[in-house]
Number of protein chains: 2
Amino acid sequence: MEDIISMSYGNGGKKTSKLIDEMILPHFDNEHLNALGDGALLEVQGKIAFSTDSFVIYPCFFPGGDIGKLSVCGTINDLLMCGSVPKYLSLSLIIEEGFKLSELEKIIQSISETSRLAGVKVVTGDTKVVDKGHGHGIYINTAGIGERIEGLLLSVDRIKKGDKVIVSGSVGNHGIAILCARENLLQGSLNSDCTPLNEVVSKITSFGDKIKIMRDPTRGGVATTLNEFTDKMKFSIELIEEQIPIDPSVRTACDLLGLDPLYSANEGKVLTIVSSEIAEELIIELRKIEASKDAAIIGEVVDYATSKLILKGGLGGKRILDKLTHDALPRIC
Amino acid sequence: MEDIISMSYGNGGKKTSKLIDEMILPHFDNEHLNALGDGALLEVQGKIAFSTDSFVIYPCFFPGGDIGKLSVCGTINDLLMCGSVPKYLSLSLIIEEGFKLSELEKIIQSISETSRLAGVKVVTGDTKVVDKGHGHGIYINTAGIGERIEGLLLSVDRIKKGDKVIVSGSVGNHGIAILCARENLLQGSLNSDCTPLNEVVSKITSFGDKIKIMRDPTRGGVATTLNEFTDKMKFSIELIEEQIPIDPSVRTACDLLGLDPLYSANEGKVLTIVSSEIAEELIIELRKIEASKDAAIIGEVVDYATSKLILKGGLGGKRILDKLTHDALPRIC
């Protein structure tokens, strides 16, 4: 094999077959994918969740992961947030002419490892090649199917005054790590938190209908996700600044760069709103899990007249956290 | 709204919301999508088909369709080929900075119309923006879920000597139309055949287990798809050149450009291998449907020692049709 991708890898002919047979299939051995039809034939429970994301992150290798790992975590975590157990993934690659086969191999390896870790099978896929100057190395789309967990009632409509807002760990790591990687800043000290959230969500959902909503605060961060909630709620949310877990390295980078970690993307965190009576117990349980060892109650639902997201500072001052209007940081996922 | 896409449409903030709320959602009104969670909650039969494709076609508007129509037809047709009835689609857009909002609107409109025509709902999605020079207008990924039809036994293993090879209409139109559009050749005379195949496939599958396999001969055309079959078969396939339907305009363009319509992509055709006893009846039925009015038996399964695809010419001469090794025509889907 040559060591870079040429246009003929995308024509559906001999090289496309070679790429798929030699580089992709060996990593995803399962009966669904091996059949190599136009799609996969599956059996699922009747109630499913279905989600998709395209990943255009730059650089495609970053501290704590790569675009392959991210493209699995992103869709798996979305399926988990819907209250489902992720089962199957599709994988579609848009590769730029000239991309190194050795880098593609690493990315495929990473997709394979992450999907095994998260208990999902890659069952169908597609590969396209675009000419040089019309891509950026590689873009990846994944779509996923999860089987819904019984007994959950996830809906913004169920959120009430007094409910607690919980985050499963330190905020802002992914976005700040990508920015630092892109600009060659603070190298070595900051990793993306990119990880599949199966274990964390399994613990949260064991509390059944006491869980009102779950969301992974990716693009736009915690502040953007909570704004999406308050947009649809009759209540407001008040966050207590000093209770929000932020890693020292993220805080340092944010201070240096003038960024707000509350608007920075996370790829391995859950934001959930829960009934107050189970909040403390949930925190104790979450802290037993490595991926949520810094879980914290960061705020609560209040009944101010207009639905807003409010941040209460250490000295008692309050400010509104609105939606982003500018480009904090493009292409972080 | 400004009239081009800027990076801030991709940051997950106010402009992303505005784009989704004002330009996308109004076209796809359904309870699944309107919930706007991290994914869609669906109920399906237990046996499903799952397929995905990314579309990177250039130009994104072409005679007979656009990238929006194609991105729906492509995935729907794949689901149909698996022997399923398409139900749900995901839609993921990768838009290049500077893309005109008016063109995006046309594409969304086209996705909406085609999905309505094909009886599928767009239930979940994603939008990303990449900086200028790292895309080509717009790339689209769709993934789809179909409910499997009972009573089918689609497998290359069931193909036997004497089975007939049927194509649902003239071959090569899509690939040649795109090439002509790209090079400003033969304008006005050649349209892509891009269309959803629901009605055609519904007729074919009404013949139950007499249908051995179905495939839509897209990238690489009829010759590539049949090679994928013979690779896995114990038999060979012999095509009769004069029985293969080819539109005069496609033939003229192929003669002028030195191309073979058997290797040119189709986006609205089915290739199926069926028991010989139902072949004639199936052709009569297919010709009653507009999208398959030129359906024809184009060859049969023979028991030559090595599994090959053979073309028998008008004067009795035979040649092997192998897989593509060069770039006939990149980025036609």
Side-chain angles (χ1 to χ4, degrees), chain A residues 7-8 10-15 17 37-54 56 78-79 81-82 88 90-92 94 123-126 128-131 133-136 139 141 143 145-146 148 215-216 218-220 224 323-331, chain B residues 7-8 10-15 17 37-54 56 78-79 81-82 88 90-92 94 123-126 128-131 133-136 139 141 143 145-146 148 215-216 218-220 224 323-331:
Chain A
M7 290 305 289
S8 51
N11 70 1
K14 279 190 176 169
K15 281 202 176 165
S17 298
D38 281 319
L41 302 180
L42 309 171
E43 294 210 24
V44 291
Q45 285 179 13
K47 291 190 172 190
I48 62 170
F50 180 36
S51 187
T52 191
D53 257 320
S54 287
V56 300
D78 281 347
L79 290 172
M81 297 309 125
C82 296
Y88 301 109
S90 66
L91 173 65
S92 180
I94 299 177
V123 293
T124 189
D126 178 49
K128 294 280 156 53
V129 178
V130 294
D131 16 330
H134 290 132
H136 206 169
Y139 298 148
N141 175 281
I145 294 175
R148 280 152 71 186
R215 199 65 65 87
D216 56 336
T218 56
R219 196 164 45 166
T224 300
K323 283 195 182 183
L324 278 183
T325 50
H326 60 294
D327 293 323
L329 197 56
R331 294 186 54 193
Chain B
M7 291 305 290
S8 52
N11 70 359
K14 279 191 177 168
K15 281 203 176 166
S17 299
D38 281 319
L41 302 180
L42 309 172
E43 294 210 23
V44 291
Q45 285 180 13
K47 292 190 170 190
I48 62 169
F50 180 35
S51 186
T52 190
D53 256 320
S54 288
V56 299
D78 281 348
L79 290 171
M81 297 308 126
C82 297
Y88 301 109
S90 66
L91 172 65
S92 180
I94 299 177
V123 292
T124 189
D126 178 50
K128 294 280 156 50
V129 177
V130 294
D131 17 330
H134 289 133
H136 205 169
Y139 298 148
N141 175 280
I145 294 174
R148 280 152 70 186
R215 198 67 63 88
D216 57 336
T218 55
R219 197 164 45 166
T224 300
K323 282 194 181 182
L324 279 183
T325 50
H326 60 294
D327 294 323
L329 197 57
R331 293 187 54 195

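Atoms considered below: every heavy atom in the structure, side chains included; atoms not considered: hydrogens, waters and symmetry mates. Chain identifiers are assigned alphabetically (A, B, ...) following the order of the sequence lines, protein sequences preceding nucleic acid strands; residue numbering begins at 1 within each chain.
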Is the shortest heavy-atom distance from the side chain of A:E43 to the side chain of B:Q45 under 4.5 Å? no
For residues B:R331 and A:M7, determine if any side-chain heavy atom of one lies less than 4.5 Å from a side-chain heavy atom of the other. yes
Quick one: which of B:V129, B:V130, B:D131 gives a side-chain contact (heavy atoms from CB on, under 4.5 Å) with A:V56? B:V130
What part of [X] lies closer than 4.5 angstrom to a heavy atom of chain B: side chain, backbone, both or neither?
| X | result |
| --- | --- |
| A:L79 | neither |
| A:V123 | side chain |
| A:T218 | neither |

Chain B contacts, top residue of A:K14, A:R219, A:H134 (heavy-atom pairs, under 4.5 Å): A:H134
Compare every heavy atom of [Y] with every heavy atom of [X], then report the nearest pair and how far apart it is.
| X | Y | answer |
| --- | --- | --- |
| A:D53 | B:K128 | OD1-NZ, 3.7 Å |
| A:K323 | B:S17 | NZ-OG, 3.1 Å |
| B:F50 | A:T124 | O-CG2, 3.5 Å |
| A:C82 | B:D38 | SG-C, 4.0 Å |

Could you tell me which of B:S90, B:G220, B:A143, B:A49 has the largest number of non-hydrogen atom pairs under 4.5 Å with chain A? B:S90
Which value, rounded to the nearest 0.5 Å, describes the distance between B:T52 atom OG1 and A:L91 atom CG? 8.5 Å
Between atom CG of A:L41 and atom CD1 of B:I48, what is the distance when rounded to the nearest 0.5 Å? 9.5 Å
Under the side chain to side chain contact (heavy atoms under 4.5 Å, CB included) test, residues paired with A:T224 that sit two or more places apart: A:E228, A:Y263, A:L324
Has the side chain of A:D126 got a donor or acceptor atom that lies under 3.5 Å from a matching backbone atom of B:S54? yes
